[in-house]
> 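Quick one: this structure, given as structure tokens, is what I'll be asking you about.
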Amino acid sequence: MKVLIIGGSGFLGTELVRQATAAGWETAATYCSRPGSLPGASWHRLDLRAPGHVDEVLAAVAPGVVINATSGGSDWAVTADGSIRVAMAAAKRGCRLVHVSSDAVFSGSRVHYDEVCLPDPVTPYGAAKAAAETAVRLLAPAAAVARTSLIIGHGGSEHERRVHALAADPHDGVLFTDDIRCPVHVEDLASALRELAVSEQAGMFHLAGADALSRHELGALIARRDGLDASRLPAGRRADTLMPGALDVRLDSSVTQGRVRTRLRGAREFLRAR
């Protein structure tokens, strides 16, 4: 097994590299500004905005599988155009493609979303992710597209760092009580993505945790796990702000869970106080 992990220096990418090398896979990974520090992988600089750069990296690596775990945020040139370049290059070389998408493709108007629900994004990031999904499924119909939610780890995610910052200074922001998602542990997500990488399953998959939580509830669980005072975390309502974005988006992963062996734990389980 020879895999190329696009976005290997990111939070999810780092865990994918760790698991792939531990499994004995021949692993290559890309970075934009700084290579990752994990041993056992070859690192390749990649600018997804540069035409032809993806083709050059794939020609150098010659992978059998490409996992696109990059996150360009609302930068259309990376998140949408870059993903299209990856799909085109993978299809041209006959590589298996696993593309990571997001629950940001949904508006929250129906709250519960399964794998057959069509995107209706309300933010630039969601629109870029939705465009990438459509392009990947058209250009590489044998690919697996995996939507996920808030990704949590052992302290390294942006959500966990934010909770620590707010516990130290409650005046530095707020955690919303009406902004609801289904957080997933990075280890579970990476494991399920590796399963898809070695399978022949195509189409849409949902890889989110079993529990639907507000960002404030999630923050309280993180605080208690890490021995912080959860009562210090400021609470507020996103609906009372002008901040764009969906409120309640709950990915239903039950169909996908029946197709992968990795158990997608809920945050109430993986964030139990130590």
> Might you confirm whether atom CE of Met204 has over 12 heavy atoms from other residues, nucleotides or ligands at distances under 6.0 Å?
yes
> Kindly say whether Arg237 contributes a backbone atom to a donor-acceptor pair with the side chain of Thr241 at under 3.5 angstrom?
no
> Determine whether Val65 and Pro63 make a side-chain contact, defined as any pair of heavy atoms from C-beta on separated by less than 4.5 Å.
no
> Could you list all the ring-ring contact (aromatic ring centres under 6.0 Å, His included) pairs where at least one residue sits in residues 185-233, not counting sequence neighbours?
His154-His185, His185-Phe270
> Taking all atoms of both residues into account, what is the closest heavy-atom pair of Cys117 and His112, and its distance?
SG-O, 4.5 Å
> Are Ile152 and Leu221 linked, directly or through intermediate hydrophobic residues, by side-chain heavy-atom contacts shorter than 4.5 Å (ILVMFWY only)?
yes
> Report yes if the side chains of Asp81 and Arg85 come closer than 4.5 Å at any heavy-atom pair, otherwise no.
yes
> Evaluate salt bridge (Lys or Arg N to Asp or Glu O under 4.0 Å) for Glu115 paired with Arg147, printing each intermediate quantity in order.
CA-CA 9 Å; Glu115 292 85 346; Arg147 295 175 180 139; over 6 Å; no
> Can you name the nearest heavy-atom pair linking Ala29 to Val17, along with the distance?
CB-CG2, 3.8 Å
> Hey, does Ser83 have a side-chain heavy atom less than 4.5 Å from the side chain of His99?
yes
> For the residue pair Pro39 and Thr21, what are the closest heavy atoms and their distance?
O-CG2, 4.2 Å
> In terms of side-chain geometry, is the basic nitrogen of Asp103 or Arg250 positioned less than 4.0 Å from the acidic oxygen of its partner?
no
> Would you give the length of the straight line joining atom CG of Leu138 to atom CD of Glu133, rounded to the nearest 0.5 angstrom?
11.5 Å
> Might you work through the side chain to side chain contact (heavy atoms under 4.5 Å, CB included) test for Thr148 and Val100, ending with a clear yes or no?
CA-CA 7 Å; Thr148 192; Val100 181; 4.2 Å; yes
> With ring-ring contact (aromatic ring centres under 6.0 Å, His included) as the rule and sequence neighbours excluded, what pairs involving residues 1-52 come up?
none
> So how far is it from Phe106 CZ to Ser149 OG, rounded to the nearest 0.5 Å?
11.0 Å
> For atom NZ of Lys92, is the number of surrounding heavy atoms from other residues, nucleotides or ligands below 6.0 Å larger than 12?
no
> Would you say that Leu207 contacts Leu264 through its side chain, given a criterion of any heavy-atom pair below 4.5 Å between the two side chains?
yes
> Any donor-acceptor pair under 3.5 Å linking the side chain of Thr262 with the backbone of Asp188?
no
> Okay, side chain of Glu158, backbone of Ile151: is any donor-acceptor separation there less than 3.5 Å?
no
> Can Arg259 and Glu195 be counted as an ion pair, charged N to O under 4.0 angstrom?
no
> CD of Glu26: more than 12 outside heavy atoms within 6.0 angstrom?
no
> If you round to the nearest 0.5 Å, how far is CG of Asp55 from CE of Met88?
8.0 Å
> Drop me the distance from Ser253's OG to Leu251's CG, to the nearest 0.5 angstrom.
5.5 Å
> Please answer whether the main-chain N or O of Gly156 pairs with a side-chain N or O of Arg161 as donor and acceptor at a distance below 3.5 Å.
yes
> With a 4.5 Å limit on heavy-atom distance, are the side chains of Leu166 and Leu175 in contact?
yes
> Would you name the heavy atoms of Ala127 and Pro121 that are closest together and state the gap between them?
N-CB, 3.5 Å
> Checking Thr70 against Asn68: is there a side-chain donor and acceptor pair closer than 3.5 Å?
no
> Under a 4.5 Å side-chain heavy-atom rule over Ile, Leu, Val, Met, Phe, Trp and Tyr, are Leu97 and Leu48 clustered together?
yes
> Under a 3.5 Å distance rule, please check whether Lys129 uses its side chain to pair with a backbone N or O of Ala80 as donor and acceptor.
no
> If the threshold is 4.0 Å, N to carboxylate O, is there a salt bridge linking Arg18 and Glu15?
yes
> Could you see if Leu196 belongs to whatever hydrophobic cluster contains Val136? Use Ile, Leu, Val, Met, Phe, Trp, Tyr and a side-chain cutoff under 4.5 Å.
no
> Is Val57 reachable from Val3 through a run of hydrophobic residues whose side-chain heavy atoms are each under 4.5 Å from the next?
no
> Applying the 4.5 Å side-chain criterion to the ILVMFWY set and letting contacts propagate, would Leu271 and Ile180 be lumped into a single cluster?
no
> Compare every heavy atom of Gly209 with every heavy atom of Val184, then report the nearest pair and how far apart it is.
CB-N, 3.8 Å
> Take Ser107 and Asp120, measure what side-chain hydrogen bond (donor to acceptor under 3.5 Å, both in side chains) needs, and give me the verdict at the end.
CA-CA 6 Å; Ser107 69; Asp120 60 341; 2.6 Å; yes
> Would you call Glu56 and Arg45 a salt bridge, using N to O less than 4.0 angstrom?
no
> Ignoring hydrogens and angles, state whether a donor on the side chain of Glu160 or Ser157 is under 3.5 Å from an acceptor on the partner side chain.
yes
> Compare every heavy atom of Glu187 with every heavy atom of Gln19, then report the nearest pair and how far apart it is.
NE2-O, 3.1 Å
> Not counting sequence neighbours, list each pair that qualifies as a side-chain hydrogen bond (donor to acceptor under 3.5 Å, both in side chains) and has a residue in residues 174-183.
Asp179-Arg181, Asp179-Arg215, Asp179-Arg238
> So do Arg96 and Val66 actually touch side chain to side chain, heavy atoms under 4.5 Å?
no
> To the closest 0.5 Å, what do you measure between CG (Leu4) and CD1 (Ile67)?
9.0 Å
> Just by modelled atom types, is the Ser254 backbone N or O under 3.5 Å from a matching donor or acceptor in the Asp252 side chain?
yes
> Return the SG to CG distance between Cys182 and Leu213, rounded to the nearest 0.5 Å.
8.0 Å
> Step by step, work out the side chain to side chain contact (heavy atoms under 4.5 Å, CB included) result for Thr14 and Leu38.
CA-CA 8 Å; Thr14 296; Leu38 289 176; 3.7 Å; yes
> With Arg162, which residues qualify under side-chain hydrogen bond (donor to acceptor under 3.5 Å, both in side chains), at least two apart?
none
> Looking at side-chain heavy atoms only, is the closest gap between Leu193 and Leu12 below 4.5 Å?
yes
> Please give the remaining members of the hydrophobic cluster of Phe176, linking ILVMFWY side chains under 4.5 Å, ordered by chain and number.
Val174, Met243
> Listed by chain and number, what are the side-chain hydrogen bond (donor to acceptor under 3.5 Å, both in side chains) partners of Asp47, not counting sequence neighbours?
Arg49
